[in-house]
Amino acid sequence: MTYLLPIGGEWLQTETTDTIRLPYDDSPIAEVPQGNPALVDRAVSAARAAAAILENWTNYQRAELLDRIAALLRRDRTGFANAVSSETGKPITEARAEVDRGLQTLLASSIAARELHGEVVPIDAAPTGAGRLAMTIRQPLGVIGIITPFNFPLNLTLHKLGPALAGGNAVVHKPSEQTPLSALMLARIVQEAGAPAGAYNVVTGPGETVGSALVESPGVDMITFTGSVPVGRAIRARAGLKKVTLELGGNGAVIIEPDADLDAAVPRVVQGGYGYSGQSCISVQRVYVHESIAANFRDRLVAAVEKLNVGHPAEETSQIASLITVQAAERVEQWTRQAAQAGAKILTGGDRTRATIRPGILTEVPEDSRFMREELFGPLVAVNAYRDLDRAIELVNGTSYGLQAGIYTQHLQRAFQAAQKIRAGGVLINDVPTFRADLMPYGGTKESGLGREGPRYAVQEMTEPKLICWHA
Ligand code: NAD
């Protein structure tokens, strides 16, 4: 397939191209045009023209457009799943699941468009309000710049594009340089679905040049970013007066109380800790298990993790493939070694072949190690024992992140004690932090982010209220 840059309804070739490679074995899979700051300017102008059209579309028209995009994504499910699997290196079964999640995100966006409304303001409750009637309507911001990471290239894009279109905005998208293929394919179906030319423009290329140009462009009204904390900081510092929302990293923790149902917890920790080799912002990285059941839990987890199939991402049976790059795998290997040197015990796995790390479990991991404090983004989980629930909650809260956390217990009071005290955007009772339904409010506290996604919430961020006040 030939990939071209969709800008203003045209499909552009560029002088320079980038080779996209399968992370599992580094084999070339596609050549994509490489964007540059001049193309960002062109895309922003095209988006401004499209925004002037979209702002006059009714909620009904926007919702119908989103439904048509969803129908085309369903039609092309296999092609999208293959593209997502090849660019990310995630197992094909997980890539299909991502496309299916994307359909849910589009459905929730179409509902968000249908439900978008302002409110009646009780203006006559003010001393000066007599004889007046007031209301707000929601208006689009205009042009939304979206910047996405490598790990869920399709669904995270739809979490921004869907609500942007629902609110009547146009978009310029800078995808991850490692995973631009599904975004370029998405632009084809957005056009086929009947979006105005320039409603969704994609400019590929490096974050430092193309991403920065988008962040600094005076024609952009809002930047919505998903990615790492350092890049999030840099974006916020350079965005000036633009609205900015940030979905950043995490180091997800789950508490396992003595009364936990381990038959339920163990398989969920496996899914949450090792899905896409742990390269999810809400991956299970830290397990705090009560000391009375710690040995039993560890034995069961080791047995389950050792059964995971490691292999080529295109194989139906593969559950673990590679990390996104060899460098990423080397970093995970290094943090694991450092934790072991500081006293952690490796119960299984952790060894590396090229970009692939064998799924691993560590225990007695020092709380001040990078393995515990930072975002690991690899297929290893720390299992540390605790005695007292308050202490476990303190440990969960003890890092700079706060995206989601989980607690397993049958005890209602303890569950809600944890839910109230844990500082995170979401607390899952009897589940791992990795649970996300695409319609729910999702985002982080502390350094995990700013603002909320989930189409119903994101559409609020991407529109603003306008007051209309009538005087008799
Ligand atoms: P990254 O921060 O390295 O890159 C993300 C995007 O930012 C890429 O498109 C990149 O090109 C761009 N970028 C880089 N420098 C830039 C700059 N100076 N200006 C503008 N754009 C720039 O992240 P990554 O390695 O692709 O993804 C992994 C990270 O994403 C992890 O930290 C993970 O937790 C986070 N993430 C968060 C969520 C969430 O919802 N909270 C979801 C998925 C991933």
Side-chain angles (χ1 to χ4, degrees), residues 22-26 85 87-91 94 149-153 176 178-179 226-230 248-254 268-287 298 301-302 304-313 318-342 344-384 399-401 403-404 432-434 448:
L22 178 69
Y24 184 75
D25 58 12
D26 212 33
S85 175
E87 63 187 344
T88 60
K90 73 177 59 173
E94 292 188 346
F150 75 82
N151 59 345
F152 293 88
S176 160
Q178 283 140 328
T179 59
T226 299
S228 62
V229 174
L248 307 178
N251 56 3
V254 57
R268 287 296 287 156
V269 170
V270 173
Q271 281 173 23
Y274 303 90
Y276 188 31
S277 283
Q279 295 173 109
S280 152
C281 46
I282 41 174
S283 198
V284 177
Q285 183 174 328
R286 299 175 293 147
V287 177
R298 278 194 296 254
L301 189 64
V302 169
V305 165
E306 286 180 346
K307 285 202 195 98
L308 288 171
N309 283 321
V310 182
H312 193 285
S318 293
Q319 293 166 294
I320 300 276
S322 68
L323 300 200
I324 190 69
T325 55
V326 172
Q327 294 86 316
E330 284 170 349
R331 178 188 54 73
V332 170
E333 186 183 38
Q334 189 193 9
W335 288 12
T336 306
R337 275 209 201 115
Q338 285 169 355
Q341 277 156 10
K345 296 193 174 84
I346 300 176
L347 299 180
T348 186
D351 42 290
R352 181 179 69 84
T353 314
R354 288 195 305 269
T356 302
I357 302 254
R358 200 158 60 85
I361 302 172
L362 272 62
T363 191
E364 296 172 35
V365 190
E367 289 293 333
D368 61 358
S369 59
R370 296 185 90 172
F371 195 102
M372 298 300 273
R373 300 200 66 76
E374 297 185 27
E375 181 179 47
L376 184 74
F377 245 52
L380 292 119
V381 168
V383 181
N384 281 2
T399 76
S400 58
Y401 294 112
L403 202 45
Q404 296 204 129
V432 287
T434 326
S448 287

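Values in this document were obtained by computation on a predicted structure and should not be read as measured data.
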To the nearest 0.5 angstrom, please state how far the [atom1] atom of [X] sits from the [atom2] atom of [Y].
X: Leu248; Y: Cys281; atom1: CG; atom2: SG; result: 9.5 Å
X: Ile324; Y: Phe377; atom1: CD1; atom2: CZ; result: 10.0 Å
X: Ser400; Y: Glu374; atom1: OG; atom2: CD; result: 8.0 Å
X: Arg298; Y: Ile361; atom1: CZ; atom2: CD1; result: 10.0 Å
X: Asn151; Y: Leu323; atom1: CG; atom2: CG; result: 11.5 Å

Among side-chain atoms of [X] and [Y], is any donor-acceptor pair under 3.5 angstrom?
X: Gln271; Y: Arg268; value: yes
X: Ser318; Y: Asn309; value: no
X: Ser322; Y: Arg354; value: no

Which heavy atom of [X] sits nearest to which heavy atom of [Y], and what is that distance?
X: Ile346; Y: Gly349; result: CG2-O, 3.5 Å
X: Leu22; Y: Pro313; result: CD1-CG, 4.1 Å
X: Val302; Y: Leu347; result: CG2-CB, 4.0 Å
X: Phe150; Y: Thr88; result: O-CG2, 3.4 Å
X: Glu367; Y: Arg373; result: O-CG, 3.3 Å
X: Pro23; Y: Ala355; result: O-CB, 3.7 Å

Looking only at atom types and distance, does a side-chain atom of [X] sit under 3.5 Å from a main-chain N or O of [Y], one as donor and one as acceptor?
X: Glu375; Y: Gly249; result: no
X: Tyr276; Y: Pro91; result: no
X: Ser277; Y: Ile320; result: no
X: Asn251; Y: Gln285; result: no
X: Ser283; Y: Gln279; result: no
X: Thr434; Y: Ile282; result: yes

Minimum side-chain heavy-atom gap [X]-[Y] below 4.5 Å:
X: Ile357; Y: Asp351; answer: no
X: Leu362; Y: Lys345; answer: no
X: Met372; Y: Asn384; answer: yes
X: Val332; Y: Arg352; answer: no
X: Val310; Y: Pro359; answer: yes

From CA spacing to verdict: side chain to side chain contact (heavy atoms under 4.5 Å, CB included), Thr336, Leu380: CA-CA 8 Å; Thr336 306; Leu380 292 119; 3.7 Å; yes
Sequence-distant partners of Tyr401, ring-ring contact (aromatic ring centres under 6.0 Å, His included), two or more places apart: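 Counting only residues at least two positions away or on another chain, Tyr401 forms no ring-ring contact (aromatic ring centres under 6.0 Å, His included).
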May I ask you to establish whether Lys90 and Phe152 are in a cation-pi arrangement, using a distance under 6.0 Å from NZ or CZ to the six-membered ring centre and at most 45° from the ring axis?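 The answer is yes, since Lys90 meets both limits relative to Phe152.
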Ring-face cation contact, Trp335 with Arg331, 6.0 Å cut, 45° max: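 Geometry flag: set, cation within 6.0 Å and 45°.
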Can you check side chain to side chain contact (heavy atoms under 4.5 Å, CB included) on Arg370 and Gln338, steps first, answer last? CA-CA 8 Å; Arg370 296 185 90 172; Gln338 285 169 355; 3.7 Å; yes
The test is side chain to side chain contact (heavy atoms under 4.5 Å, CB included); show your working for Asp25 and His312 and say whether it passes. CA-CA 9 Å; Asp25 58 12; His312 193 285; 4.1 Å; yes
Check against side chain to side chain contact (heavy atoms under 4.5 Å, CB included), Arg286 and Thr399: CA-CA 11 Å; Arg286 299 175 293 147; Thr399 76; 3.7 Å; yes
